[in-house]
Student: 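The structure is given below, and queries will be raised subsequently.
Everything numeric here is computed off the predicted structure, so don't read it as measured data. Labels below follow one simple rule: chain letters A, B, ... track the order of the sequence lines, proteins then strands, and each chain is numbered from 1.
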Number of protein chains: 2
Amino acid sequence: MRKVVVAGVGMHPCGIWPDKERSEIALTAIINALEDSQVPFKDIQKVYCSHVLEGASIAQIICQKIGLIGVPMINMENACTSGSTAMGEAYFAIATGQYDVALVIGVEQMSNMGVLGGVADTKSLDSLLGMNIMPALYAMNANEHMHKYGTTREQLALVAVKNKKNGTINPYAHIRKEFTLEEVLGSRRIVDPITLLMCCPNSDGGAAAILCAEDVLSKYNSKPKVYMAGTALRTYAYGENSNDLNRRAAKDAYEMAGVDPKDVDVAEVHDAFTIGEIMHYETLGFCPLGEGGRFLEEGHTQITGDIAVNPSGGLQSRGHPLGMTGVAQACEVVWQLRQEAKGRQVNNPKVGLCHTQGAGGVACVNIFTL
Amino acid sequence: MRKVVVAGVGMHPCGIWPDKERSEIALTAIINALEDSQVPFKDIQKVYCSHVLEGASIAQIICQKIGLIGVPMINMENACTSGSTAMGEAYFAIATGQYDVALVIGVEQMSNMGVLGGVADTKSLDSLLGMNIMPALYAMNANEHMHKYGTTREQLALVAVKNKKNGTINPYAHIRKEFTLEEVLGSRRIVDPITLLMCCPNSDGGAAAILCAEDVLSKYNSKPKVYMAGTALRTYAYGENSNDLNRRAAKDAYEMAGVDPKDVDVAEVHDAFTIGEIMHYETLGFCPLGEGGRFLEEGHTQITGDIAVNPSGGLQSRGHPLGMTGVAQACEVVWQLRQEAKGRQVNNPKVGLCHTQGAGGVACVNIFTL
């Protein structure tokens, strides 16, 4: 397999943009990635577009506005892991030698949507039990974690405090406002113990990344080489719970990248609800099982900590335009590894990790190295 | 690149099944494909699921009902070419050596949907001009073809007569009723010259195919080896019209498969509207440009003709559950090549072709050989 590098990344800010077309949001991200990479659009050989909500041929509709290049374009959906999935598929297309240069787009416009549905069969037991309602699912995770490991409401709130603070220094973030511990705890209860400010916002946004084979990169730019070194998309195996699934995806990605959890300097982790970040400190191997809450409180995951988690503000603050998230995470990690993250720059990172987890039982971990 | 074969195929009949869950429809197809291939579900290493209408993690939701196998699963959408796209992606995953065995699912439930939307930006020029309304687009194609080449309304109707007759001998077809030329011409006008019976129905349905590396097939069954020999997914290149795009996809797929149009014995062609079949006789190289109408009238594309086109009944008769179609076409071609197509069996076919074309400017051709 050939080595794959990220030639460039770009983003459209997250927020509420009901008057923009989805393609307009995506185009800004793509043009930024083309500029960043210095790759001419005509050199793109395959396009992967991640989006979740209704729409057909989104990649084709978007790309027609830049130029007609005739290449294969594929739209992908894997719930909240859609963007990470598209990154992984683009990786394999290049690593296996099919193509030299691929564009990954992640886009979603959630401000125009109705109620998010379709995550489970409407007549399934899961749906009838309300298990297709995301805050309810995560609330069960939170209650279990509190009961088993003594995780506190304050720790659940502290994730939001940290990530919302990080978001204030990210120009692409949707929520750019600090909140105190008291404000997070005192905000409207959604499903106990989850309060409104422990939930990510529903945002519009777009992100793009251009991947290429290592040996063609020099044609385009001489920025620090960021390798996509590991990628693992996994679904439930027999007997697994959510922790097991995420742990296995992480293990497989680490193995492929040839790195250990302790090597990770910066991570973008799926904090759609704050309990997620605490759980995934553990599943990603940053700390032992059950110690996520303490690990957070001790400051390890601050921008200045050993493993900066969600320096972008994460889903809590950047927002969670479903199809965009995995690609947006990759943008942040690339900026961090290239030391271009300005006010939120992590100190000299060498290894970055992106993690998403999605409805239907799917987890994806992508690892980037210098 | 390794050789890839179809280990087995399966289908759920097309029709109107509003009381079934989408996953129930897909499961029937998958179980039929597993039985046909003798591949145990646990041997599946990657799943590609094609669906277009709303829903998230459909592959995961479906497959959880058969068993938890932990493998990567990806949902794909490429408008009407979604199923063909998924077949192509599965092909490459095996041909490049990533995986030995992959499952492709195509499923759609159109009876529960509202109006089909999202094919173009709502504020785009195309939409404002009504170009995202499929019958309108195809009516323009038909009018152009009639004007330029003298194609007649009767020829447009004859496609429906042929395919609807073929559908009567396909147990998986939605419309299993013969219509006379007069009935087709006299049915309700949709957009001139297209009448109701020149349009495919909106159907529910599911199809599945299991692809594997040639060298592992003998572990599973000893049926006639059907190779997936060529696949080409293409989008508009600069200066191309729809004919050019489809012609280029075909040319690339022929080249990859090492066959010529004259080698094709059986073809499943995108006849969402009957003019499509006539146009694609030409773009696929079965006859010269402009002669599609006459080629049809001369009987070349009957089941008993030189190139049997849509022996399944095509989209006209089997139906067009969007995400299913490309996979359903592959099922038919595999049955034909294995001489298992019963009453609609084409005489001793060696080369089969599947063609779809989708909104947003996308065409896909997959070629199968014995």
Side-chain angles (χ1 to χ4, degrees), chain A residues 21-24 47 51-61 63-64 67-82 85 88-89 92-93 96-98 116-124 126 232-240 245 248 322 358-362 364, chain B residues 21-24 47 51-61 63-64 67-82 85 88-89 92-93 96-98 116-124 126 232-240 245 248 322 358-362 364:
Chain A
E21 289 282 355
R22 176 164 44 186
S23 58
E24 199 180 337
V47 176
H51 71 94
V52 176
L53 302 174
E54 202 190 359
S57 289
I58 302 296
Q60 289 82 348
I61 290 168
C63 289
Q64 278 177 9
L68 297 168
I69 52 175
V71 306
M73 299 185 187
I74 298 181
N75 298 282
M76 306 206 148
E77 179 276 309
N78 250 357
C80 298
T81 65
S82 299
T85 296
E89 289 300 292
F92 283 114
T96 57
Q98 277 188 71
L116 186 59
V119 168
D121 287 348
T122 49
K123 284 170 274 181
S124 72
D126 277 7
L233 168 69
R234 299 292 181 263
T235 58
Y236 277 128
Y238 182 73
E240 277 187 341
L245 167 62
R248 179 163 56 93
L322 303 174
V362 51
C364 190
Chain B
E21 289 282 355
R22 177 165 42 187
S23 59
E24 198 180 337
V47 177
H51 71 95
V52 176
L53 302 174
E54 203 191 0
S57 289
I58 302 297
Q60 289 82 349
I61 290 168
C63 289
Q64 278 176 11
L68 298 168
I69 52 174
V71 306
M73 299 184 187
I74 298 182
N75 298 283
M76 307 205 148
E77 179 276 309
N78 250 357
C80 298
T81 65
S82 299
T85 296
E89 290 298 292
F92 283 115
T96 57
Q98 277 186 73
L116 187 58
V119 167
D121 287 349
T122 48
K123 283 169 276 183
S124 73
D126 276 7
L233 169 68
R234 298 293 181 262
T235 58
Y236 276 129
Y238 182 74
E240 277 187 342
L245 167 62
R248 179 163 56 92
L322 303 174
V362 52
C364 191

Student: Which residues satisfy the side-chain contact (heavy atoms from CB on, under 4.5 Å) test with A:C80, sequence neighbours excluded?
Tutor: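 Here the qualifying residues are A:H270, A:H320, A:L322.
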Student: State whether the side chain of A:E77 and the backbone N or O of B:M76 hold a donor-acceptor pair below 3.5 Å, judged by distance alone.
Tutor: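 Not a single qualifying donor-acceptor pair exists.
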Student: Provide the closest heavy-atom pair for A:L233 versus B:P72 in the form atom of the first, atom of the second, distance.
Tutor: O-CG, 3.4 Å
Student: Please flag which part of B:E89 lies under 4.5 Å from any non-hydrogen atom of chain A: side chain, backbone, both or neither.
Tutor: side chain
Student: In terms of heavy-atom proximity below 4.5 Å to chain A, should B:I74 be classed as side chain, backbone, both, or neither?
Tutor: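 Both the backbone and the side chain of B:I74 come within 4.5 Å of chain A.
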Student: Using the test side-chain contact (heavy atoms from CB on, under 4.5 Å), find all partners of B:Q64 that sit at least two apart in sequence or belong to another chain.
Tutor: A:Y236, B:L68
Student: Between A:C63 and B:T235, is there a side-chain heavy-atom distance shorter than 4.5 Å?
Tutor: no
Student: Please name the pair of heavy atoms, one in A:S57 and one in B:A359, separated by the smallest distance, quoted to 0.1 Å.
Tutor: OG-O, 2.6 Å
Student: Determine the option with the most heavy-atom pairs under 4.5 angstrom with chain B, choosing from A:G67, A:G358, A:G70.
Tutor: A:G70
Student: Take B:V362 and A:M73 through the test side-chain contact (heavy atoms from CB on, under 4.5 Å) and record every step on the way to the result.
Tutor: CA-CA 8 Å; B:V362 52; A:M73 299 185 187; over 6 Å; no
